[in-house]
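Comments concern the structure below.
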Amino acid sequence: MSGRWGWDDWGHPRSRPVKAEGGIKSQSKRGAFGESWWAKRWIQVLEGFDIGARLARGRSYARKGQVLSITIANGKVTAKVQGSRPQPYNVTIEVKTLSKSDWAKVLDALGRQALFAAKLLAGEMPQEIEDVFTEVGLSLFPAKLGDLKTDCSCPDWSNPCKHIAAVYYLLGEEFDRDPFLIFALRGLDREALTSRLGAAPPAPVTAPRPVEPLNARAETFWGESGARIKDSLGAVEIPREPAALARRLGGFPFWRGETPFLDALSPIYASASPRGLDMLLGPAARTE
């Protein structure tokens, strides 16, 4: 009976998870999780554990939205996962952080690589960055089982269980959106990393220029003709690219929708833009 669909490895019928409402759904509907090289490396860490069918069930949990919440802090991830019992299970993943002296070695090595530092400051993860960690005797990703400590409140004796695996997979997708979360799990968040990489000697202090008072006469302030600015808004038109600002901000953390965040948002922007233009300028403005 072992291994048959609907049965566990000991011949017992599998329990079915309670359907979760508003859970975090993976963007991967089939196949591998993660698109970037760093997300795939994180998944390799998970798949390096010999947990058999729990990997497949973890993927299923991640795709169905059984993970209700995920919180990431320096060196620690906490999550709630809806399993077969009414009360969600509490999942904790702790990653061994690097010491201050270790981070000093890494930052010193990165500082000597101008291209690496420039890419990181621009929000890009250079693939060769793992070599920098290796050169100073460290690793960016957990290198061994002892670098990870996981726990789940479920009754499954196996660790990691399917609930932990589901969180692992969703973290991989989140790394696609923000690669700096990997640094945070190793003990240095994005703000601290970029500020230390971009630290520069302070600029020399110069005496402030004297402030010239404004002329109180309105005609002088507005010009000799006394004309007012007729159009303070400038050109008002529908953007050529919908949701341009949202695209600059990137994906929404732990998106819960059925479709990717930007794909879901773009049609709303495209529909709202003409209505906003009509309200501001009137319907006739678009036909002129």
Side-chain angles (χ1 to χ4, degrees), residues 8 15 17-26 28 33-34 38-100 102-103 138-193 253-256:
D8 63 20
S15 59
V18 176
K19 184 177 180 180
E21 298 293 337
I24 303 168
K25 291 188 176 182
S26 70
S28 166
F33 278 70
W38 54 87
K40 291 178 180 178
R41 282 284 290 112
W42 171 259
I43 297 299
Q44 286 177 0
V45 173
L46 164 65
E47 294 179 344
F49 297 121
D50 185 17
I51 57 176
R54 288 175 180 80
L55 279 178
R57 300 207 70 195
R59 288 193 294 267
S60 176
Y61 267 53
R63 287 175 172 141
K64 288 180 179 179
Q66 295 300 122
V67 180
L68 303 179
S69 65
I70 298 177
T71 302
I72 302 175
N74 279 10
K76 188 175 183 178
V77 177
T78 55
K80 288 188 178 295
V81 182
Q82 182 64 65
S84 58
R85 297 184 178 182
Q87 191 71 18
Y89 298 126
N90 296 314
V91 169
T92 302
I93 300 172
E94 295 183 57
V95 183
K96 184 179 180 181
T97 59
L98 302 181
S99 65
K100 290 183 178 180
D102 285 340
W103 271 117
L138 300 167
S139 63
L140 173 58
F141 295 89
K144 55 184 183 297
L145 183 60
D147 290 340
L148 289 166
K149 181 181 178 182
T150 57
D151 183 68
C152 181
S153 60
C154 75
D156 192 343
W157 60 267
S158 179
N159 189 345
C161 61
K162 55 184 174 289
H163 312 107
I164 295 171
V167 178
Y168 266 121
Y169 280 117
L170 290 176
L171 283 174
E173 288 197 340
E174 191 67 2
F175 290 151
D176 272 332
R177 185 191 68 82
D178 184 2
F180 289 91
L181 290 176
I182 300 171
F183 290 96
L185 287 180
R186 297 296 264 169
L188 194 69
D189 60 30
R190 178 173 186 161
E191 183 178 354
L193 174 69
F254 294 116
W255 179 238
R256 297 166 186 264

Return all side-chain donor-acceptor pairs below 3.5 angstrom for residues 78-87, not counting sequence neighbours, or 'none' if the list is empty.
{"from": "Lys80", "atom 1": "NZ", "to": "Asn90", "atom 2": "OD1", "distance (Å)": "2.6"}
{"from": "Gln82", "atom 1": "NE2", "to": "Arg85", "atom 2": "O", "distance (Å)": "2.6"}

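Summarising the geometry, atom NZ belonging to Lys162 is positioned 10.5 Å from atom OG belonging to Ser60; distances are rounded to the nearest 0.5 Å. Taking CD1 from Ile93 and SG from Cys152, the interatomic distance works out to 9.5 Å, rounded to the nearest 0.5 Å. Taking CD of Glu47 as the start and NZ of Lys40 as the end, the distance is 11.5 Å to the nearest 0.5 Å. For the atom pair CG (Leu188) and CH2 (Trp103), the distance works out to 5.0 Å, reported to the nearest 0.5 Å. Between atom SG of residue Cys161 and atom CG of residue Asp151 there is a gap of 8.5 Å, rounded to the nearest 0.5 Å.
Between Ala166 and Val67, the closest heavy-atom pair is CB-CG2, 3.8 Å. Closest approach of Ile24 and Leu170 over heavy atoms only: O-CD1, 3.9 Å. Considering all non-hydrogen atoms of both residues, Arg63 and Ser26 come closest at CG-OG, 3.1 Å. For Ala39 against Gly172, the heavy-atom pair with the smallest separation is CB-O, 3.2 Å. The minimum heavy-atom distance between Val95 and Pro142, with the atom names listed, is CG1-CG, 3.9 Å. Closest non-hydrogen pair, Tyr169 versus Ala62, comes out as CB-CB, 4.3 Å.
The aromatic rings of His163 and Tyr61 sit perpendicular to each other, their planes meeting at more than 60°, with 30° as the lower class boundary. Relative ring orientation between Phe175 and Trp42 is described as perpendicular, the plane-to-plane angle rising above 60° on a 0-90° scale split at 30° and 60°.
Between Trp38 and Leu140 the shortest side-chain heavy-atom distance does not fall below 4.5 Å. Between Leu171 and Ile72, some side-chain heavy-atom pair lies under the 4.5 Å cut-off. Looking at heavy atoms from C-beta onward, Val77 lies in side-chain contact with Leu185 at the 4.5 angstrom threshold.
The backbone N or O of Gly58 sits nowhere less than 3.5 Å from a side-chain atom of Gln66 that would complete a donor-acceptor pair.
Annotation: salt bridge (Lys or Arg N to Asp or Glu O under 4.0 Å) contacts involving residues 180-190, sequence neighbours excluded, comprise Asp178-Arg190.
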